[in-house]
Amino acid sequence: MTANPISPTIPLDQPGKHHGFLRLPYSRNDSAWGSVMIPITVIVGGRGPTALLTGGNHGDEYEGPVALQELAWETDPADVTGRIIIVPYMNYPAFRAGTRVSPIDQVNMNRCFPGRPDGSVTQKIAHYFHDVLVPAADLVLDYHSGGKTLDFLPYAAAHYQDDASHEAACVAAVKAFAAPYTMMMREIDNVGMFDTAVETQGKIFVTTELGGGGTATARSTRIAIRGARNVLRHAGILSGEIETDGPTQMLDMPGDDCFHFATRDGLMQPLADLGDQVQAGQVIAQIWPPDRTGVEPVQVSANRDGVIAARHFPGLVQTGDCLAVIAVA
């Protein structure tokens, strides 16, 4: 089998705190013998579990990168029992471009796992995480938010799984994150996802959606930073007590009818906001034509009772865009 060409510039198992890069050779027009340099921090403070913390799986989602930068800077190895591997910008080319997918190969990292060691740049990065970093971890926290096109209630999430004991361990870690909302969910498109790759390897997995709109807020970054520390404390890796602002509200995304999609291009008028309670049949948005007046809008009605957990962020929509997600409280 072809070996993955990525190599770390720092030791991944030595005591103390080490900052460096995952170096991927990448010859291109502007750098004949160049490399993609993915920042990484490894903190080892003694014998114990390993946590892999990742952000920037999509390059336009910022709560994770901010939280992980702070964690990498402030965490003292003396407070660590085990190992913390921190990669703030997992899909580094996409992060630098501020885009969901990589500008190099147009591949969505979160749909290309397990990756390929002889594939495109994104596939090589995915393969390194799948075959090197994830097997070394006991716990994986992968941050997401809505990026430029979606906005979410701030939640940490676990997935429904066939193995009840594994699901319970993931749910316990998600609850420890202590986001304002805790979501149980089924992915509508889980093939090739990092989530699926991690869970298939039997690792405890925590993911998030912490806002969106292609930015981060003071509130969303506070939730992200506190959540990472809480998950590490829950795992016995970081010293200190779990911190909360009160009980988390449980939400559920049990099926495909939670998702609502645009059936035409146009100008979206939201009729329900994030956190609003809605009833089945209630009109939650309407889409006006983008090129003329005097035409009746297309109305989008709720498929079920619940709470608006996600919404489309830009004012213009295209046919097939996800307009809203309704979760069950």
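Count residues from 1 along the sequence. Keep in mind that the numbers below use all heavy atoms, side chains included, and drop hydrogens, waters and symmetry copies.
With rounding to the nearest 0.5 angstrom, the CD1 atom of Ile237 is 5.5 Å from the CG atom of Leu232. Separating the CZ atom in Phe21 from the CD1 atom in Ile10 is a distance of 9.5 Å, to the nearest 0.5 Å. Here the straight-line distance linking atom CZ of Arg229 with atom CD1 of Ile242 works out to 13.5 Å at 0.5 Å rounding. Going from atom CD of Gln161 over to atom OG1 of Thr196 covers 9.5 Å, rounded to the nearest 0.5 Å. Note: Ile40 CD1 to Leu133 CG = 5.5 Å, rounded to the nearest 0.5 Å. For the atom pair CG of Asp321 and CG of Leu150, the computed distance is 8.5 Å after rounding to the nearest 0.5 Å.
Annotation: salt bridge (Lys or Arg N to Asp or Glu O under 4.0 Å) contacts of Arg83 (sequence neighbours excluded): none.
By the neighbour-count criterion of 12 heavy atoms within 6.0 Å, atom CD of Glu241 is sparsely surrounded, having that number or fewer from other residues, nucleotides or ligands. Remark: Asp30 CG is packed, more than 12 non-hydrogen atoms of other residues, nucleotides or ligands lying under 6.0 Å away. Around atom CG of Asp291, more than 12 heavy atoms belonging to other residues, nucleotides or ligands sit under 6.0 Å away. By the 6.0 Å contact criterion, CD on Gln279 is open, its count of non-hydrogen atoms from other residues, nucleotides or ligands being 12 or less. No more than 12 heavy atoms of other residues, nucleotides or ligands lie within 6.0 Å of CZ in Arg219, so this atom counts as exposed by the packing criterion. Atom CZ of Arg96 is surrounded by 12 or fewer heavy atoms from other residues, nucleotides or ligands within 6.0 Å.
Annotation: ring pair (Phe, Tyr, Trp, His ring centres under 6.0 Å) contacts involving residues 96-140, sequence neighbours excluded, comprise Phe113-Phe194.
Under the 4.5 Å side-chain heavy-atom criterion for Ile, Leu, Val, Met, Phe, Trp and Tyr, Val107 and Val121 are members of distinct hydrophobic clusters. If you chain together hydrophobic residues whose side chains sit under 4.5 Å apart, Leu251 and Phe259 fall into the same group. Cluster annotation: Tyr143 and Ile204 are assigned to the same hydrophobic cluster (Ile/Leu/Val/Met/Phe/Trp/Tyr, side-chain heavy-atom contacts under 4.5 Å, transitive). Taken together through direct or relayed side-chain contacts under 4.5 Å among Ile, Leu, Val, Met, Phe, Trp and Tyr, Leu68 and Leu22 form parts of separate hydrophobic clusters. Taking hydrophobic clusters as Ile, Leu, Val, Met, Phe, Trp and Tyr residues chained together by side-chain heavy-atom distances below 4.5 Å, Tyr160 does not share a cluster with Met185.
Lys148 and Asp60 are not joined by a salt bridge, as no carboxylate oxygen comes within less than 4.0 angstrom of a charged side-chain nitrogen. With respect to Glu243 and Arg222, no salt bridge is recorded, no charged nitrogen being found less than 4.0 Å from a carboxylate O.
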Worksheet item: Step by step, would you call Asp265 with Thr319 a side chain to side chain donor-acceptor pair (under 3.5 Å)?
Response: CA-CA 5 Å; Asp265 297 358; Thr319 302; 3.0 Å; yes

Q: Just do the side chain to side chain contact (heavy atoms under 4.5 Å, CB included) check on Thr149 and Phe313 with the steps written out, would you?
A: CA-CA 5 Å; Thr149 63; Phe313 192 80; 5.7 Å; no

*asked:* Checking Met193 against Glu199 for the side chain to side chain contact (heavy atoms under 4.5 Å, CB included) test, could you report, in this order, the C-alpha distance in whole Å, the side-chain angles of both residues, the deciding distance, and whether it holds?
replied: CA-CA 10 Å; Met193 291 185 70; Glu199 290 166 348; over 6 Å; no

* To do: Show your working on side chain to side chain contact (heavy atoms under 4.5 Å, CB included) between Leu274 and Ile308 and close with a plain yes or no.
  => CA-CA 5 Å; Leu274 286 178; Ile308 302 292; 4.2 Å; yes

task: Check the pair Gln249 / Leu153 against side chain to side chain contact (heavy atoms under 4.5 Å, CB included), numbers first and verdict last.
output: CA-CA 11 Å; Gln249 180 176 343; Leu153 291 176; over 6 Å; no

Please determine whether side chain to side chain donor-acceptor pair (under 3.5 Å) holds for the pair Arg23 and Ser35, giving the CA-CA distance in whole Å, both sets of side-chain angles, and the decisive distance to 0.1 Å. CA-CA 6 Å; Arg23 187 179 72 84; Ser35 295; 3.0 Å; yes

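In terms of modelled atom types and a separation under 3.5 Å, the side chain of Thr221 and the main chain of Ala218 share a donor-acceptor contact. Checking side-chain atoms of Lys203 against main-chain N and O of Ala137 turns up a donor-acceptor pair under 3.5 Å. Put simply, the side chain of Ser220 never gets that close to the backbone of Ala216: no donor and acceptor are under 3.5 Å apart. Not a single donor-acceptor pair under 3.5 Å links the side chain of Asn303 to the backbone N or O of Cys258. A distance-only check finds a donor-acceptor pair linking the side chain of Asp105 to the backbone of Thr122 [under 3.5 Å]. Gln282 places no side-chain N or O within 3.5 Å of a backbone atom of Ala302 that could act as its donor or acceptor partner. With hydrogens and angles disregarded, no donor-acceptor distance shorter than 3.5 Å links the side chain of Asn108 to the backbone of Val101. The backbone N or O of Trp33 lies less than 3.5 Å from no partner atom in the side chain of Ser27, so there is not a single donor-acceptor pair. Side-chain N or O atoms of Thr248 include one that pairs as donor or acceptor with a backbone N or O of Ala179 at under 3.5 Å. In this structure, the side chain of Lys175 does not engage the main chain of Thr182 through any donor-acceptor pair within 3.5 Å.
No option in Glu61, Glu63, Glu209 other than Glu63 meets the side-chain hydrogen bond (donor to acceptor under 3.5 Å, both in side chains) test with Ser145.
Using a 30° and 60° split on the angle between ring planes, Tyr155 and Phe152 fall in the perpendicular class, above 60°.
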